[in-house]
Amino acid sequence: MRSHVPSRIAVVGTGYVGLGTAGLLAHLGYRVTGIDIDPDKIAQLQRGVVPIHEPGLDLLLASQEDRITWTTDYQAVAEADVIFICVGTPPGPDGTPDLRYVTGAARSIAAYLGDRPQVIVNKSTVPIGTGDFLQRLLEDHAPQFDETRHRVASNPEFLREGTALADSLYPDRIVLGGHPEAVEVLARLYGPLIEQSFTAPQGIGRPDSYSRPAVVRTTLQSAEMIKYAANAFLALKISFANEIAGLCERVGADIQEVTTGIGLDGRIGHRFLQAGLGWGGSCFGKDTQGLISAGREHAYPMPILQAAIDVNYRQRNVVVEKLLRHLKSLKGKRIAVLGMAFKPNTDDLRDAPAHDLIARLHQLGATVLAHDPVAMPRAEREWSHLTYTAAPDPATALRRADAAIIATEWEEYALLNWRDLVGTMRQPLVVDARNMLRETLPAQVEQIGRESVQVQKEAVLV
Ligand SMILES: NC(=O)c1ccc[n+]([C@@H]2O[C@H](COP(=O)([O-])OP(=O)(O)OC[C@H]3O[C@@H](n4cnc5c(N)ncnc54)[C@H](O)[C@@H]3O)[C@@H](O)[C@H]2O)c1
């Protein structure tokens with residue numbers, strides 16, 4: 001394995017992480033095969049259709065010419081020097097991550113491991129110890145398995161949906177865990193990324209302030225823990241801002257000014273300190289639960305993480321309580337929900353706060369009109385159990401509404417002509433659950449952790 005210079009890559013799982021990884025590695029010059037068990041997804045990719053919404057991804061993939069191929073056939077594993085596992089690890093009923101896709105992928109990989117040096121890299125977020133489990137699983141199922149040739153490594157992914165490509169091309173750090181020889185192969189693979197010697201792809205320029213990523217070489221267990229701990233800490237930061245926001249409302253302080261004030265302390269920082277509707281998506285809820293369940297296995301309670309989760313989901317009720325305070329009852333009321341994706345610039349609806357809002361509003365007797373700039377087709381498929389009317393545009397959602405909730409901070413919602421739009425509502429009441437409105441309006445505007453819309457001061461950092 002020592003002289004192993006990687007050139008052929010297999011990426012197993014072509015979701016948000018797999019597609020970004022495939023695009024990045026092809027851009028760095030490698031030959032990449034993306035493998036998925038979903039034939040529809042692969043058929044779309046083969047036709048040049050990117051099955052998810054991620055800014056810049058379609059252009060990046062389209063510009064790789066013949067460096068990427070898409071298939072449902074695991075045969076490509078036999079030729080690959082490095083095999084990335086990027087399949088989902090959704091939470092099971094008790095919060096423990098469900099490893100069935102990782103196990104399924106590993107078994108399929110095992111059948112095709114060859115008699116050459118190969119590194120099997122786990123990019124999925126997995127419980128600590130999964131790397132060892134994978135190594136044993138390959139040992140048991142790969143006819144050609146040889147410990148000196150086949151190594152399992154961990155290379156957790158830190159991309160954020162919506163900015164996935166910039167996050168992957170210009171990361172803060174690259175974490176490589178496992179046997180030193182496997183880590184060395186990955187360090188070589190990522191050489192152009194570590195040296196930043198590649199040409200920036202069109203539209204995803206290298207930030208002026210960016211130089212190069214730090215590289216953390218560590219064990220399998222520590223790499224797996226770094227990913228969980230990073231997500232848990234970010235989730236915690238958001239919940240902290242939301243907990244302070246609730247008290248701000250009660251004592252007359254303004255959370256925007258408070259988080260600006262504390263974020264200027266270099267030890268704290270501004271990022272992930274925004275009060276609002278709380279986190280959603282496929283990672284924070286799952287990974288905080290995953291850590292708690294790992295603690296439970298070792299009879300080690302993790303009360304800070306549990307509190308972060310409780311505060312996060314309480315925030316979804318806060319919005320409904322604000323509506324009830326103004327409208328008394330929601331029976332027969334028409335409520336516009338702007339934003340369905342869990343955050344802007346993605347169509348990902350997993351654990352989106354808007355889901356719980358729509359469900360609760362309907363339960364309370366309201367008629368819900370919902371809009372999202374990109375996630376509506378997906379919601380039609382994935383949220384068919386919810387009762388709401390899809391509005392073709394924000395103006396239609398707001399017309400004759402008794403209240404509007406801004407649930408996702410899409411830039412286009414900030415750019416709406418709110419002054420005119422609130423005039424079309426039956427009652428001009430806007431619950432801006434993302435604190436994004438910057439102008440005072442002829443309407444009742446509720447925000448999170450502050451009394452009313454403040455005109456943004458130049459000095460205020462967000
Ligand atoms: N989405 C994110 O922002 C993000 C960020 C960092 C880490 N992660 C982690 O990365 C992992 C993947 O997340 P995602 O959001 O890309 O998931 P996803 O659900 O978008 O994609 C997973 C893909 O794996 C495929 N798959 C499942 N079993 C397979 C198998 N046996 N062989 C081949 N393909 C298979 C599915 O069909 C799907 O296309 C998860 O562990 C997640 O926690 C996600």
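Every number for a ligand or one of its atoms is a count from 1 in the order of the listing. Nothing fancy with the numbering, it's 1 onward along the sequence.
Between F158 and ligand 1, no N or O atom pair is found at a separation short of 3.5 Å. Looking at D287 next to ligand 1, no N or O pair under 3.5 Å apart turns up. Residue-to-ligand polar distances place E161 within reach of ligand 1: an N/O pair is separated by less than 3.5 Å. Polar contact check, K227 against ligand 1: no nitrogen or oxygen pair lies under 3.5 Å apart. Considering backbone and side-chain atoms alike, R160 places every N or O at 3.5 Å or more from each N or O of ligand 1.
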side-chain contact (heavy atoms from CB on, under 4.5 Å) between W70 and I35, intermediate numbers included:
CA-CA 6 Å; W70 308 105; I35 304 171; over 6 Å; no

Residues E161, R350; criterion salt bridge (Lys or Arg N to Asp or Glu O under 4.0 Å); working and verdict
CA-CA 12 Å; E161 288 172 24; R350 290 177 284 188; 3.7 Å; yes

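Taking only non-hydrogen atoms, the option from D348, D167, L99, V87 nearest to atom 12 (C) of ligand 1 is V87.
For ligand 1, the atoms closer than 4.0 angstrom to any heavy atom of K41 are 38 (C), 39 (O). Atoms of ligand 1 found under 4.0 Å from any heavy atom of V12 (numbered from 1 in listed order, with element): 32 (N), 33 (C). Under a 4.0 Å criterion applied to the non-hydrogen atoms of Y101, ligand 1 contributes the atoms 27 (C), 28 (N), 31 (N). For ligand 1, the atoms sitting less than 4.0 Å from at least one non-hydrogen atom of G15 are 16 (O), 18 (P), 20 (O), 21 (O), 23 (C), 39 (O), numbered in the order shown with element in parentheses. Contact atoms of ligand 1 toward A105: 31 (N) (distance under 4.0 Å to a heavy atom of the residue). The contact set between ligand 1 and G88, taken as ligand atoms under 4.0 Å from a residue heavy atom, comprises 22 (C). Remark: ligand 1 atoms within the under-4.0 Å shell around heavy atoms of T89 are 40 (C), 41 (O), 43 (O). Close contacts of ligand 1 with C86, meaning ligand atoms under 4.0 Å from a residue heavy atom, involve 12 (C), 22 (C).
Among protein heavy atoms, the minimum distance from atom 6 (C) of ligand 1 is reached at E157 O, 3.3 Å. Protein heavy atom at the shortest distance from atom 7 (C) of ligand 1 is T125 OG1, 3.6 Å. Of the protein's non-hydrogen atoms, the one nearest atom 28 (N) of ligand 1 is I37 CD1, 3.4 Å. For atom 44 (C) of ligand 1, the closest non-hydrogen atom on the protein side is V17 CG2, 3.3 Å. At the top of the distance list for atom 37 (O) of ligand 1, counting protein heavy atoms only, stands D36 OD1, 2.6 Å. The protein non-hydrogen atom at the shortest distance from atom 32 (N) of ligand 1 is Y74 OH, 2.5 Å.
Taken to the nearest 0.5 Å, the CG atom of L369 stands 10.0 Å off from the CD1 atom of I335. Rounding to the nearest 0.5 Å gives a distance of 12.5 Å between CD of Q447 and SG of C248.
Within the 4.0 Å heavy-atom criterion, both parts of L159, backbone and side chain, lie near ligand 1. In R350, the part holding a heavy atom less than 4.0 Å from any atom of ligand 1 is the side chain. Here P156 has no heavy atoms under 4.0 Å from ligand 1, in either its backbone or its side chain. Within the 4.0 Å heavy-atom criterion, neither part of F342 lies near ligand 1. Looking at K286 against ligand 1, only its side chain comes within 4.0 Å, counting heavy atoms.
Around the CE atom of M225, the shell of radius 6.0 Å holds no more than 12 heavy atoms that belong to other residues, nucleotides or ligands. In this structure, F233 places its CZ atom where only 12 or fewer heavy-atom neighbours from other residues, nucleotides or ligands lie under 6.0 Å away.
A salt bridge is absent between E79 and R31: the closest approach of a Lys/Arg side-chain nitrogen to an acidic carboxylate oxygen does not fall below 4.0 angstrom. A salt bridge does not link E184 to R151: none of the charged nitrogens lies less than 4.0 Å from a carboxylate oxygen. R212 has a carboxylate O that lies under 4.0 Å from a charged side-chain N of E195, or vice versa, which qualifies the two as a salt bridge. A salt bridge does not link D81 to R8: none of the charged nitrogens lies less than 4.0 Å from a carboxylate oxygen. Between R316 and D351 there is a salt bridge, since a side-chain N of the basic residue sits under 4.0 Å from a carboxylate O of the acidic one.
Between Y170 and F198, the ring planes are parallel. Angles under 30° get that label, and only those over 60° would be called perpendicular.
Taking the centre and axis of the six-membered ring of F158, the NZ or CZ atom of R173 falls inside the cone set by 45° and 6.0 Å.
The aromatic ring centres of H179 and H150 sit 6.0 Å or more apart. Ring pair H371/Y388: centre-to-centre distance not below 6.0 Å.
S108 does not count as a contact of ligand 1, since none of its heavy atoms falls under 4.0 Å from the ligand.
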